[in-house]
Amino acid sequence: MSGTYVTTMGDRGRLVIPAELRERAGLSAGAALVLIESEGGVLVLTREQALAHVRAELRGHDLVGELIAERRREVDDLR
């Protein structure tokens, strides 16, 4: 298993995922995939992988606290 595959995009933007990779990843026809654009390129993930990726990116962030602080600053700016 090398983890590196070369494929060519078709004229309608379609990519062929090699059978060996599809089998290992548990992908079948009609499988939902998520494309995430990043600085390093494009990630192709299953929904489960995308959810895990987003959770890992947000781990340690207090989004609710950040939102409340932002709203308080906005209110203070209006005064």
Side-chain angles (χ1 to χ4, degrees):
M1 170 175 75
S2 71
T4 301
Y5 297 87
V6 176
T7 189
T8 302
M9 183 178 306
D11 62 340
R12 297 185 66 194
R14 295 180 180 173
L15 293 175
V16 174
I17 299 173
E20 177 185 338
L21 181 56
R22 287 194 315 266
E23 289 172 14
R24 277 204 317 275
L27 300 175
S28 58
L33 298 174
V34 178
L35 304 178
I36 299 177
E37 184 179 14
S38 71
E39 290 181 18
V42 178
L43 301 174
V44 179
L45 307 169
T46 64
R47 286 183 180 179
E48 294 78 19
Q49 291 168 333
L51 181 58
H53 176 77
V54 169
R55 284 183 173 157
E57 289 288 317
L58 295 177
R59 190 171 294 124
H61 291 276
D62 179 12
L63 298 179
V64 173
E66 291 174 21
L67 178 63
I68 291 170
E70 180 180 318
R71 295 297 187 256
R72 287 182 176 150
R73 284 191 300 274
E74 290 173 359
V75 169
D76 288 342
D77 290 344
L78 293 174
R79 292 181 185 171

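Taking hydrophobic clusters as Ile, Leu, Val, Met, Phe, Trp and Tyr residues chained together by side-chain heavy-atom distances below 4.5 Å, Leu27 shares a cluster with Val42. In terms of hydrophobic clustering, with Ile, Leu, Val, Met, Phe, Trp and Tyr side chains grouped at heavy-atom distances under 4.5 Å, Val34 and Leu43 are assigned to a common cluster. Criterion: ILVMFWY side-chain heavy atoms under 4.5 Å apart, direct or through other members. Under it, Tyr5 and Leu33 are part of a common hydrophobic cluster. Leu21 is connected to Val44 through a chain of hydrophobic side-chain contacts under 4.5 Å among Ile, Leu, Val, Met, Phe, Trp and Tyr, so both are in one cluster.
Taking CD1 of Ile68 as the start and CG of Leu63 as the end, the distance is 11.0 Å to the nearest 0.5 Å. Between atom CG of residue Leu58 and atom NE2 of residue His53 there is a gap of 9.5 Å, rounded to the nearest 0.5 Å. Rounding to the nearest 0.5 Å places CD of Glu57 at 9.5 Å from OG of Ser38. We find the NE2-CZ distance between His61 and Arg59 to be 10.5 Å, quoted to the nearest 0.5 Å. Atom CD1 of Ile36 sits about 4.5 Å away from atom CG of Leu45, to the nearest 0.5 Å.
Within a 6.0 Å radius of CZ in Arg47, no more than 12 heavy atoms belonging to other residues, nucleotides or ligands are found. By the 6.0 Å contact criterion, CD on Glu66 is enclosed, its count of non-hydrogen atoms from other residues, nucleotides or ligands being greater than 12.
Taking both residues in full, the closest heavy atoms of Val16 and Thr7 are given as O-OG1, 2.8 Å, listed atom of the first, atom of the second, then distance.
Listed for the Arg22 side chain is a donor-acceptor partner under 3.5 Å among the backbone atoms of Ile17. Of the possible donor and acceptor atoms, one in the side chain of Gln49 sits under 3.5 Å from a partner among the backbone N and O of Thr46.
With respect to the salt-bridge test (charged N to carboxylate O, under 4.0 angstrom), the residues Asp76 and Arg73 do not qualify.
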